[in-house]
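Notes follow the structure.
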Amino acid sequence: MGAYILLLLVICIAFYTDIRTNKIPNALTIGAVLAGGLFHLLSHGVSGLILATSGLLIGGGIFFILYLIGGVGAGDVKLFAGIGALGGIDFVLYCAMYSILYAAFVGVITLFFNRVHRKRMFHFILLLVTNLKQCVHHMKYTGQKKEKVHFPFMIAVMPGYLTTLYYFM
């Protein structure tokens, strides 16, 4: 229970800083990793340290792959390493799953309210309904520069963490 409370504090600070500065401080993420290792070492001995290290590698590894494909920032990778160190493998897997689901929801809502993207989606759906072949051609050969829609991932991590915490309690 103590690790989840510490993790709540880490998530709240990360949420605040990510919203304000679009960065998650290294001191926070590295502190979470060290606190997770120390907490589990003191409470469960070597097996606790193995649990923390496994969670760190799984959480950090999943988000490192997402970082490599441009889905999240480096701070998110380190944050999920900290979540894994504090919460363990099961907790970080559930938290990652819920966070990614919430991010998909936020992304769809963001795209819908973006006028340019809404127009593109409407045009695409119209093409899809009228002529599938023309739609495929349009997707391949539009040549338009795609603009990225970005939002702080912590908008999805906070409800992902809270949902995971709810199910673990």
Asn26 vs Lys78, test: side chain to side chain contact (heavy atoms under 4.5 Å, CB included). Steps then yes/no. CA-CA 8 Å; Asn26 285 337; Lys78 293 177 274 186; 2.3 Å; yes

Cys12 and Met158: CA distance, side-chain angles, deciding distance, side chain to side chain contact (heavy atoms under 4.5 Å, CB included) verdict: CA-CA 8 Å; Cys12 287; Met158 179 62 86; 4.0 Å; yes

Between Thr53 and Leu57, is a side chain to side chain contact (heavy atoms under 4.5 Å, CB included) present by the stated rule, with each step listed? CA-CA 6 Å; Thr53 304; Leu57 293 173; 4.2 Å; yes

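Side chain of Thr17 to backbone of Ala14: a donor-acceptor contact under 3.5 angstrom is found. Between the His44 side chain and the Leu49 main chain, no donor and acceptor come within less than 3.5 Å of each other.
Closest of all the heavy-atom pairs between Gly75 and Thr29 is O-CG2, 4.0 Å. Nearest approach of Ala35 to Leu86, heavy atoms of both residues: C-CD2, 4.1 Å. Across all their heavy atoms, Ala32 and Ala85 have their closest contact at O-CB, 4.3 Å. Considering all non-hydrogen atoms of both residues, Met154 and Ile11 come closest at CE-O, 3.6 Å. Closest non-hydrogen pair, Gly160 versus Ser99, comes out as CA-OG, 3.8 Å.
In this structure, Tyr67 is not a member of the same hydrophobic cluster as Ile65, with clusters built from ILVMFWY side-chain heavy atoms closer than 4.5 Å. Val72 is connected to Phe80 through a chain of hydrophobic side-chain contacts under 4.5 Å among Ile, Leu, Val, Met, Phe, Trp and Tyr, so both are in one cluster. No single ILVMFWY cluster, assembled from side-chain heavy atoms under 4.5 Å apart, contains both Leu51 and Val46. Under the 4.5 Å side-chain heavy-atom criterion for Ile, Leu, Val, Met, Phe, Trp and Tyr, Val92 and Ile30 are members of distinct hydrophobic clusters. A chain of hydrophobic side-chain contacts below 4.5 Å, direct or via other Ile, Leu, Val, Met, Phe, Trp or Tyr residues, connects Ile13 to Ile19.
If you take CZ on Phe15 and CD1 on Ile24, they are separated by 11.0 Å, rounding to the nearest 0.5 Å. In this structure, the separation between OG1 on Thr164 and CG on Asp90 is 11.0 Å, given to the nearest 0.5 Å. We find the CG-CG distance between Leu8 and Leu162 to be 7.0 Å, quoted to the nearest 0.5 Å. Leu41 CG to Leu34 CG: the interatomic distance, rounded to the nearest 0.5 Å, is 12.0 Å. Note that CG of Leu165 is 14.5 Å distant from OH of Tyr94, once rounded to the nearest 0.5 Å.
The aromatic ring centroids of Phe91 and Phe168 lie less than 6.0 Å from each other. For Phe63 and Phe153, the ring centers are positioned less than 6.0 Å apart.
The number of heavy-atom neighbours closer than 6.0 Å to CZ of Phe64, taken from other residues, nucleotides and ligands shown, is 12 or below.
Residues Phe39 and Leu6 fail the side-chain proximity criterion, which asks for heavy atoms closer than 4.5 Å. For the pair Ile69/Leu66, a side-chain contact is recorded, criterion being any heavy-atom separation below 4.5 Å from C-beta on. Taking 4.5 Å as the limit, some side-chain heavy atom of Val10 sits within range of a side-chain heavy atom of Leu79.
Aromatic ring orientation, Tyr102 versus Tyr98: tilted (interplanar angle from 30° to 60°).
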